[in-house]
Amino acid sequence: MAMASGGPPKPLARCGVATRSSHIPQRLAWRALTGRHLAAPGCRLLAPGILGAPGYSPLATTAAAAISIALQPDGDGASHASSSSGPTKPGAPGNGASANGSGANGAAGSSSGGSSKSVYNTVAAAVAAQFPAVPPLPPPPSTANLTDVVPYLLRLALQERNLVWRLAAALSCMCVAKLAGISLPLAFKGAVDAMASAGFSQAALSAALMAALTYGVLDCVRVVAKESQSPFFAPVSQAVTRRMAYHTFAHVLDLDTRFHLDRRTGRVSRILERGTRSIAVLYRAMVFTFLPTGLELAAVGVLLAGRFGPALAGILGLTFAAYVTWTVMMTQAATDVRKEVNALDNATSSKAVDALLNVETVTLFNNQHLEVGLYDRHLRDFQSASYRTELLSSSLNAGQGLILAAGMAAILAAIISSPGGATGGDLVMASGLITQLWAPLQFLGWFYRELRAALVDMEEFFQILRTRSNIVDGSRPLPPAPLPLHPPPVPAAAAAAASAAASANGSAAAAASPAHAVHDITHAVAAAAVAASAPGPQAHSDHSLPSSSIGRSSGSGSSSSSSSSSSSSSEQQQDPHHGGGLAVELVDVSFGYTAERQILKGVSLRVAPGESVAVVGSSGSGKSTILKLVTRLYDVWGTPGSPDVPRQASGAEASTSGSGSSSSGSSSSGSSSGSSSGSSSGVYINGVDVRQLRLADLRSAIAVVPQDTALNYESIMENIRYGRPDATDAEVVAAARAARLHDTVASLPEGYSTVVGERGLKLSGGEKQRVAIARAFLRSPRLLICDEATSALDSATEAAIMESLKELAQGRSTLFVAHRLSTVRGCDRIVVLRGGRVVEEGSHDQLMERGGEYAAMWNLQADQHDDEDAGADGMGGGGGGGGSNSHVDDGGVTDTEAEIELALEAQHTQQAAAAAAAAANGSSKRPVSVAAAAGAVVGGKGGPAGLSLDSMDEVATYSRRAAAAVVAAAASATAAAAAVGGGVNAA
Ligand SMILES: Nc1ncnc2c1ncn2[C@@H]1O[C@H](COP(=O)(O)OP(=O)(O)OP(=O)(O)O)[C@@H](O)[C@H]1O
C-alpha cells in the first residue's frame, strides 16, 4: 500500500508539554528508556526513525528534544526553531549524541543528502525543525573531581552569551552582599564605641545614630544584593542543566542495544535524574557558598589582623583549618556510605520498576508477596545504610560546632588580651564578623557533603556520557538503487565440491567406506549445484549464495521473484520518495552477543530488491539475530567494539570445525577464506556495508513488525502515527484498515482515542501486533521486516493480515521470520537456519522436493495442524492453524531442534527404506548408486549442497546414518537380487 505523502506536513507543535509539571522531562526520559519511546502527552511529535520495538529507536536527539521544550521557560520551542538555523550541530568528540549524528541533526542532514532524499528524511527534518537548537556539549571531564567538574560547568555557562552577563551580574551581587555584610559589624562597632565613649555628648549621639543609619542602609543593600543573586543565576544553572539533560538523554537513546540490555532501566533513569540534579547543587555550592565564604574569610582575616595583629588572623586560620579537616574527613567517610546508599537506592528502585513493568506477570503468578518481600529486603539494607549516614552526619555536625565554639572563644580572649587593649565596639565587631563567618561555614559543611554526593552522582552520569556506542554512525547515504556488489569471494564451496566430485569418482573406495561415500557424494551434489548456479554474468551478484542458485537452477521461485522485483522496482522508482525495495545481503556473517557464544556461523543470504525472503528454523537458531544485524542494532563480529575480542575466537572455531574435513567447511570456513581473499564479511544494503551507511537513512527505509510490540502510553491514533509522525488522521485510519485493525478500534467506546495503557497492555497481543503492522503501513518502507509478525493472531486474522502484508510487500523487499511455515510458504525464497548456519535455501516447492530439514518441519507442522494448513496457499493463502486460536497454533509450531531432529529421523528412515526398495527393484544398479541414493537421503538435512556439515559432531552423525542406510540398502539390494536370481533360475 502506498501511503499518500504529498501535501504539507500537518502542524506538529501541539505539545502541551511545556505547560505541564516539572516532572515531565523525567517522565519523558523514563518512558523513552523503558521502551515506550517518546510520546509527549497530547503531542504527536515523535522520533521519525523509531521503529516498532524497543531498541529500534535511533533518533535520540529528536526524541530528547522534548526535554528542551519542557524545560523552556516559555515552552514555545517551535517559534524559535527554523529549519534553516538547523538543529544541534555535531559536537566535539566525546559528545556522544552529536558525534553519533543520528539525531535530529543527522536526520535533517539526510534530507539534504541528495540522492538518498526520502519522505522519511523530510519528515525527520520537519520534526527536527519543531525543536529549538541546543548547543552541543564539550567532551565531559575524565573524572568527577571538583577540579575537573567546576571548570567544566563554568565553561558550559561561559559558552552561552546570554548566560555570561547573568553570571557576571550574579557574582557582582554576591560581592556587594558580602562587602555590605562585612561592613555591618564595623557600623555596629561605631555605634557601640560612640555610645560607650566617656561623657556621652550630642556629637557622640549623632555619631551613634549615623552608625545605626549606616548599618540599616548596608543591611538593605546586603539583602537586596543577596536576593538578586538567584534571579540572575537561576537561568544559568537551569540552562546548563537542560543542556546536559538534553544531550545525556539523547546520548543514552543513541547508545547501542547492548548497553541498554546490560543495564537495568530503572538504574539508568536514576543516574540521569540524580546527575542532572547534581548540576544545580554544584552551581549553588560554587556561587552561593564556596566563593562568598572564601571572600568573607579573606576579608575578615585582613580586618582582624589589621586591627588586632596577625596572631588573631592565625587563630582564625587555625580554627578554619581544623574545621575544614574535620569536615573533609567525616565527609569522606559519609561519601563511601553515600555510594552504598546510592547503590541500594538504585537497586530498590529497579526492583520496584521491574515489578511494576511486569505487574501482570506478578499478578498471574500471585507473586505480590514475593515482590514486596524482595523490595523490602532492599529497603531494609537501604534503611541501615541511611542510618549510618545519619550517624556520620551527626558526628560531623557536632565536631564542627565544637571547633567553631572553641575558635570563637579563643578569638574573643585574644582580642580582650590584645596588647593595645580593645573597646567594647571591638568585641562587638569581632563577634559580629566571626558569627557572620561561622554561619556559612556551618552551611559549608552541609554543602560540602552535598557536593561530595553530587560529585559521586556526577561520576556515574559522566560515565554514561563518556560511554561510546558500539554502533558508530556511517557517513554514506543510502544509494537509491543497489550498487554493483563488491568483488565476489573465491567460491570455496565450489572448490571443495570439485575435489569432492573428483573423489566421488573413486567408486570402489566409496563402496568400501560408506561414510566417505556419503560425504563425497554430498559434496559432489553440492558441486553440481554450484556449477549450475555459476553462469557468467549473474555469478557476480549471487556469489555469496551458492545455495540460492539451487532455487534458481530449478527455476520458478527465483525467476518469478526477479521478474516481479524488476517490475515493482520500476514502479517504485517513479515514486521519488520511495526508491524501490532494498537489496540486502549477508556475506559470511559471524556473530555472537558475547565472545563466548557464537550465534551465527558464516551465514550468507541475499534479498534482491522486491524479493520476499523468509528465514525459518528452530527456536534459538538465530533468526531474529539476523534481523538485528540488518537493522544495525548490533554489528557483525570483526567490527571494532564487537565482543569477539580477540578476533581469533571465531577464527579458532572456524579452523576447528574445518579441521576434521577440509571439505566440510564448505559453508562457513569456505566462505571465510573467500572473504579474506577479497570481499569482507558483513551486511550489505544496496551494495554498501551497513556500517558505512548513515543510520538515519538506513532505519528510515526500514519498518519492523516485531515479535513483541511495545506501545506508548498513548491513544491508538498516536501509537499508529508513531510509524510516521507527520501522518494525517486519515492516513492513520487508512493504515489501521490495511492492518485489519480499524473494525476493532471502531468498536471501542473511545475509538482511536482509546489510550492503550502501560506498554499497550490494555490491548490484546493480536491488537498490539496489528498496531505494529499499521505503523509499518504508514512508514511505507523499502524493506519490511516481520519478526513473527502474526504470531499472536488467530488464523482468520492471520490470513487477512498476511494478505495485507502481501500487499504492503509489493515492490518492497521483505524479510520474514516465522515459525509457522504456512505463513511464509509463498515467499520467493525460504532460508532454513540451524544452529546459526544456513542449511537449506530455496522456494517452498524446492525445499519440499529436497525432503530435508524444511520438509521435516513442514510435515511436523502439518501433522500438528488441521489439514487446511497443508492446503494453505502460501503467504496470505489462508494461513495455518485451521481455526484454532493462536496459542494452540503456537503450541503446534515446530520449535525445538530436538523436535526437528526427531522429525528428520523419521523422514530419513522412511526415505532410506524407499531408496533401498527402489535400489532393490533396479538390481542392475551398482552398490555405489545405492550408497549414493542413501547418502543423498541422509544428507537431506543439509540438502545436496551439504551446507551444514561443518562440525565434527555433525559429520560423525551423518556418517553413522549414512553407514546404516547404506548397509540397509545393500542388504535389501542383495536380498532383491537373490530373489530376482532365484526367480530366473526357477524359470
Ligand atoms: N541480547 C542477547 N544477549 C545474549 N544472547 C542473546 C541475546 N538475544 C538473543 N540471544 C541468544 O541468541 C540465540 C538466538 O536468538 P534469536 O532471537 O536470534 O533466535 P530465534 O531463532 O529468533 O529464536 P525464536 O524463534 O525463538 O525467536 C538464542 O539462544 C538467544 O538466547
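Note that the structure is predicted; figures quoted are calculated from it, not measured. Start at 1 and go down the list; that is how both ligands and their atoms are numbered.
- Counting heavy atoms closer than 4.0 Å to ligand 1, residue Y634 contributes side-chain atoms (C-beta onward) but none from N, CA, C or O.
- For ligand 1, the polar-atom distance check finds an N/O of G620 within less than 3.5 Å of one of the ligand's N/O atoms.
- For ligand 1, the polar-atom distance check finds an N/O of G622 within less than 3.5 Å of one of the ligand's N/O atoms.
- The side chain of K628, and not its backbone, has at least one atom closer than 4.0 Å to an atom of ligand 1 (non-hydrogen atoms only; side chain from C-beta on).
- Close approach of ligand 1 to S624 (heavy-atom distance below 4.0 Å) involves ligand atoms 17 (O), 18 (O), 20 (P), 22 (O), 27 (O).
- Between R820 and E788 there is no salt bridge, since no side-chain N of the basic residue sits under 4.0 Å from a carboxylate O of the acidic one.
- Ring geometry, F591 versus W637: the interplanar angle falls from 30° to 60°, so the pair is classed tilted.
- Checked by distance only, ligand 1 and E788 stay at 3.5 Å or farther apart across all their nitrogen or oxygen atoms.
- With a heavy-atom cut-off of 4.0 Å, T625 touches ligand 1 through backbone and side chain alike.
- The main-chain N or O of S612 is found under 3.5 Å from a side-chain atom of D828 such that the two form a donor-acceptor pair.
- Put simply, the side chain of K768 never gets that close to the backbone of L711: no donor and acceptor are under 3.5 Å apart.
- Close approach of ligand 1 to S621 (heavy-atom distance below 4.0 Å) involves ligand atoms 21 (O).
- Interface of S618 with ligand 1, defined as ligand atoms under 4.0 Å from a residue heavy atom, comprises 21 (O).
- Inspection of the T625 and Y634 side chains reveals no N or O donor paired with an N or O acceptor under 3.5 Å.
- Taking all heavy atoms of R258, H819, Q598 into account, the minimum distance to atom 24 (P) of ligand 1 is reached by H819.
- Taking CD1 of I685 as the reference point, atom CZ of R691 lies at 12.0 Å (rounded to 0.5 Å).
- Distance alone, capped at 3.5 Å, is enough to place a donor-acceptor pair between the R812 side chain and the L808 backbone.
- Here R597 has side-chain heavy atoms under 4.0 Å from ligand 1, and that is the only part of it that gets that close.
- The ligand atoms of ligand 1 that sit less than 4.0 angstrom from a heavy atom of S619 are 23 (O), 24 (P), 25 (O), 26 (O).
- A donor-acceptor contact under 3.5 angstrom links the side chains of D787 and S624, judged on distance only.
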